[in-house]
Student: 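If you scroll down you'll find the structure; I have some questions about it.
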Amino acid sequence: MPFNKIEPKADFPALEREMLAMWEKTGAFDKLREINRGKPKWSFLDGPITANNPMGVHHAWGRTYKDVYQRYFASLGRELRYQNGFDCQGLWVEVEVEKEHGFEDKKEIEKFGIGKFVTECKDRASKFAAIQTEQSKRLGYWMDWDNSYYTMSDENNYGIWAFLKKCFEKGLVYKGNDTMPWCPRCGTGISQMEMNEGYREVAHMSAFVKLPIRERPGENLIVWTTTPWTLSSNVAAAVREDMTYVKIKQGDQFYYVGKANFENARTHPVQQLDLKTLPNLMSLQSIFKNNGSFEVVEELKGAALVGLTYDGPFDMLDGAKEAAVAHCVIAWKEVTEGEGTGIVHIAPGCGAEDHQLGKDLGLPVVAPLLEDGSFRAEFGFLAGRKVDGVADEILADMKKRGVLFAKEKYFHRYPHCWRCKDELVFRLVDEWFISMSWRDQIVESARGAKWIPEWGLDREVDWLHNMGDWMISKKRYWGLALPIWDCKACGHFEVIGDRDELKARAISGWDEFEGRSPHRPWIDGVKIRCASCGDESVSRVKEVGNPWLDASIVPFSTMGYFSDRENWEKWFPADFVVEALPGQFRNWFYALLTVSTMMEGRAPFKLLKGHALVVDDVGQPMHKSDGNAIWFDEAAEQFGVDVMRWLYASASPERNVLFGPKHCDETRRDVILPWWNIYSFFSNLARVDGFDPAEHTATLDQRSLLDNWILSDLHTLVRTAHEAYSSFDVAKVCSEAQRFIDVLSTWYVRRSRRRFYGGEWSTDKRAAYATMYEVLTTLNRLMAPIIPFLSENIYQNLVVRQDDAAPKSVHHVPFPQANEGLIDESLSQRVAASIRIVSLGRSARKNSKLKVRQPLARFVVDPGSDTEREAVEQFEDHLREELNVKEVTIASEQVLKEFDIPSVTISVEPNMKTVGPKFGRQASSARELIAQLDGVKVEEAFARGETVGVDGVEATLSPEDVLLTRFYGDDWAGASDGATTVRLDKRLTPELRNEGLARDVVRNVQSLRKQAGLDIADRIVLGLVGSGLEEMLGQCGAYIQNETLAAELHTAAIADALATVEVKIADQPVSIGLKKMA
RNA sequence: GGGCUCAUAGCUCAGUUGGCAGAGCGCGUCGCUGAUAACGACGAGGUCCCAGGUUCAAGUCCUGGUGGGCCCA
């Protein structure tokens, strides 16, 4: 079948959709799996994507990597699992469902019904998994989409039970309490990892509060807080023993504060907000001044205050009773001289550090808040009030009672719920934990895998060492049902390891549960008998599990660990995992390693590769709320996914990728379009010429030097691509391929173009076609993992249409092997040299304002190396044509004389690479002295085999120590680069001048032909009117007629011209007119 | 507060064992005109963040800063 006619302006998104449909119709993916079935395995483990929203462009980076490497290993004949994962359970899904219903808090969920709510969460995850599946297909991501894993599956959930049971058996599961960040709206604790993501800068009304010292009437401590509600739970006041404090007298009262704190200028600790618009903070000193005159009466060490007792601000509330008797000044080394008063309000029930300190010192804990962030009944006027609305009232109340010293609006970073954006509070809660006492084992697992980049391992180990015990519970609804049955009667708890165990242990509720997924609320009805006290109403704890558990059991649950161990052993551990780096050290990677170490004592992957983030055009993180996020679908249809994939594949993995229209355009222009242009150039010619790849072949010795060169470079590229792909460095494949495309376009095709024109199938034409065909099909296969659509489209035309026996998809073709026999390093170097010399020639022309259109008599090359000399000899024709000269000559003494090339002046520059070591300490001064040498004399001396001395220094110069730069006479245009010098003869004979004029005329006529809408083959009558054209026409008339298909050439205006134009040629006005031949 | 990391052209980034500061984009000039809304060439553009130090020689090595980013506390 003939080759397709290729439109130069391609609609890539449309082309991609066509290929998608074709794959779908022909079952191309299934066919690939069939081809590789039973072959050596390559195990990829997919980190599940959160199935809660449609994909953004940022998801496409990681997925591009996943698909690229899968396609590469498939092309090597490896069997793959192709299993995609969806992360389904967790708060983020709940939040969206809540939003849909407009729920404000957990009460509304319970009113709505946990069962209905959980079902909707499930449905939402399924819905977006389906949407993401379609989007992933559009990305060209080849996966076994009917076999994706879902973290909400029974297999996955029961798998986690098994893990937790193991932890339990080792005594690592415990119920703990801690003061932790809590989201009052979501009614759940926020883990350390989650909190890191939620900091925002906000203003709070802060309070300076008086604490009257019981032992010393009239004397007060002053503490400061940005969270006045915590004052209700104050237990102690902390000072640093070695810090200096001042005692200040104001009116009839005395106050204690830190000396440095007292004197410090204060600032808001914010970075993002516009600092100029922030109100200034008053120093503590100024705050005193505001209250009237004062005087510092004494300086003392903090130690002098320790042990004093004081009256708390809310001792009258029932809830604070226990603390009231305990109020005392304690020593704490964390107290600072920076912000605050130097005396720190300690509320162990309202702050993590406070809680730790309280534990250490055995202080009572006052926990004032309920789950929903409201005050407990024992807190008097605050009872039932939500914590986020009481600051003003608390301040007003303290003011009324005279214990408020001052208040002030204060801007700072404060943690917020990463999902609902509400402010977090610190709250004392019971949660379930896995002890990390065995962290060293996990570290060992981490070390057992290879990490790219290498520092990833260090980062992970660092995290593992610092990580506290893993809080695995969440007081929510949609998630793993923690398999912990906790006996209310005796406090004994146990972990159930799987469904069968639960069935065996169940004494009630099983029948209702049977047939349900192990989720709330259905699982909650199953009761067991307490193994310790025999109580028969032991229920599961209410909590659900941390979602990172869900994602981390997958190396086991998805590979058949619990159902088909033999199969599991074939795929575990995974050969490859690739995910975005930031965050995952403390999330998925951490959890994966923890679970897998518990289950099998080793990492679940052999190699982990990480990459950075996708940010917008100007480097800012993409956020839906900032309006700079780009949805995947939009980008896919605007730029095409091949462009997107190339952009991602070519990016440096450790650096954030800037994604935006500008960068997509750049990628398209730099890579996709040049590649397409080369391809369409070939296909269109092949179509017209009736090229048949089976028939029009060429042996190596029938091919031209250029052919052998491009084949050499091609196979070097194949070799490099293999190395790069298999070391997971696709960016290198991209950069090398791009370099190849560039040289293919700008040299091979450019230089070979004419070989494709003309009718007969000469040996040379066959060679050109055969070579081009091999280059295109090979390069196409090479890039197929990166740009699967475009390469498929090209393959269908270049191969499938020509050969019925060929594999039906480019992705079924084995990856090409480098033919080392075709690689000729020295030929590549010679071609590179010829390209360099042409570039020098162009530079010389440019410097002397001699346009390429003007033919010149002679190009003289003084080669800088043997390679260049050979290049000039071998590629003389190319040099002549590219530079439009009549002759190319290699410089020699005889040549210089013969063509009257004047002696040149030469400047001398030191080559510091050799001069440095040789001159040592004197190198600097030598450098200047050398530059002043007479270059001609230096060159002559070298020519005689002598070295050259430099005044004032001892060593002498050899040829390799200096660079000599030549200057050329009036008749010559020259350029030099290193040791290479080229010269162009600037002298124009009348014949040369005429030829130049003729080419000017031709160019203008061609442009006029195009304007007039003539077909390439139309013949014309041409009229030229202008002074001084006769001689030129006499010499070059035939040439002009030939080039412009002018059957007639007149030196008079054409009477009924189709088009005319007035131009200037060699500064002379010329009128050109033409009409179509009848 | 501690650790890691980055800082090079207007932009995005290379720069290996220390040895004449680079690429692409953008910009400017020009060319080509049967790859044509395409393509090519040439050019301009630098306080290599700052200050010290080592060295004949520092973008590169060392020390200390400044400024960004990430992580931890």
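Naming convention: chains lettered A, B, ... in sequence-line order (proteins, then strands); numbering from 1 in each chain.
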Student: Between Arg459(A) and Thr746(A), who's closer to the 5' end of RNA chain B by nearest nucleotide?
Tutor: Thr746(A)
Student: Does a salt bridge link Lys732(A) with Glu723(A), judged by any charged N lying under 4.0 Å from a carboxylate O?
Tutor: no
Student: Provide, to the nearest angstrom, the distance between the OH atom belonging to Tyr679(A) and the C1' atom belonging to C39(B).
Tutor: 20 Å
Student: Check every strand shown and say whether Asp458(A) touches a base, only sugar-phosphate, or nothing at a heavy-atom separation below 4.0 Å.
Tutor: nothing
Student: Nearest whole angstrom, please: distance from the P of A35(B) to the CG of Leu673(A).
Tutor: 16 Å
Student: Between A41(B), A35(B), C25(B), which nucleotide gets closest to the side-chain atoms of Arg669(A)?
Tutor: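 Closest nucleotide among those given: C25(B).
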Student: Using a heavy-atom cut-off of under 4.0 Å over every strand shown, decide if Arg655(A) touches base, sugar-phosphate, or nothing.
Tutor: sugar-phosphate
Student: Tell me if the centroids of the rings in Phe682(A) and Tyr769(A) come within less than 6.0 Å of each other.
Tutor: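 Aromatic pair counts; centres sit under 6.0 Å.
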Student: Could you work out the separation of C72(B) and C13(B) based on their P atoms and round it to a whole Å?
Tutor: 24 Å
Student: Rounding to an integer number of angstrom, what distance separates G22(B) and G45(B) when you compare their P atoms?
Tutor: 13 Å
Student: Ignoring backbone atoms, test whether Arg753(A) places a side-chain nitrogen or oxygen under 4.0 Å from the OP1 or OP2 oxygen of A35(B).
Tutor: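 Yes.
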Student: Under 6.0 Å between ring centres: does that hold for Phe589(A) and Trp463(A)?
Tutor: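 No - the distance between ring centres of Phe589(A) and Trp463(A) does not fall below the 6.0 Å cut-off.
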Student: Mind checking the P distance from C4(B) to G43(B)? Whole angstroms is fine.
Tutor: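 Nearest-Å result for C4(B) against G43(B) at atom P: 44 Å.
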Student: Between Lys609(A) and Glu579(A), does at least one N-O distance fall below 4.0 Å, as a salt bridge requires?
Tutor: no
Student: Starting from P on A38(B), measure out to CG on Asp665(A) and report it in whole angstrom.
Tutor: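 Going from Asp665(A) (CG) to A38(B) (P), I get 12 Å.
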Student: For the pair made of CH2 in Trp455(A) and C1' in U5(B), what is the distance, rounded to whole Å?
Tutor: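 Taking CH2 of Trp455(A) and C1' of U5(B), I get 8 Å after rounding.
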Student: If you find the nucleotide of RNA chain B closest to Gln854(A) and the one closest to Asp462(A), which residue's nucleotide is nearer the 5' end?
Tutor: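 Residue closer to the 5' terminus by nearest nucleotide: Gln854(A).
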Student: Rounded to the nearest Å, what distance is computed from the CZ atom of residue Arg240(A) to the P atom of nucleotide G1(B)?
Tutor: 13 Å
Student: Rounding to an integer number of angstrom, what distance separates C62(B) and G24(B) when you compare their C1' atoms?
Tutor: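 Here C62(B) and G24(B) have their C1' atoms 34 Å from each other.
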Student: Is the gap between the ring centers of Trp61(A) and Phe659(A) under 6.0 Å?
Tutor: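 Ring-ring flag for Trp61(A)/Phe659(A): false, centres at least 6.0 Å apart.
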Student: Roughly how many Å apart are G52(B) and C71(B), using the C1' atom of each and rounding to a whole number?
Tutor: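 The same atom, C1', in both gives a distance of 30 Å.
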Student: Which nucleotide sits closest to the side chain of Ser745(A): G24(B), A35(B), G40(B)?
Tutor: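 The nucleotide sitting nearest to the side chain is A35(B).
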Student: Figure out the CZ/C1' separation between Phe682(A) and C39(B), and round it to whole Å.
Tutor: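 Rounded to whole Å, this separation is 20 Å.
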Student: Does any part of the side chain of Thr771(A), heavy atoms only, come nearer than 4.5 Å to the side chain of Leu706(A), both counted from C-beta?
Tutor: no
Student: Given the P atoms of A21(B) and A44(B), what is the spacing between them in whole Å?
Tutor: 16 Å
Student: How far does the C1' atom of U47(B) sit from the matching atom of C56(B), given to the nearest Å?
Tutor: 24 Å
Student: Please measure how far the C1' atom in G1(B) lies from the corresponding atom in G19(B), and state the result in whole Å.
Tutor: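 Here G1(B) and G19(B) have their C1' atoms 42 Å from each other.
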Student: To the nearest Å, how far apart are Leu840(A) CG and C42(B) P?
Tutor: 9 Å
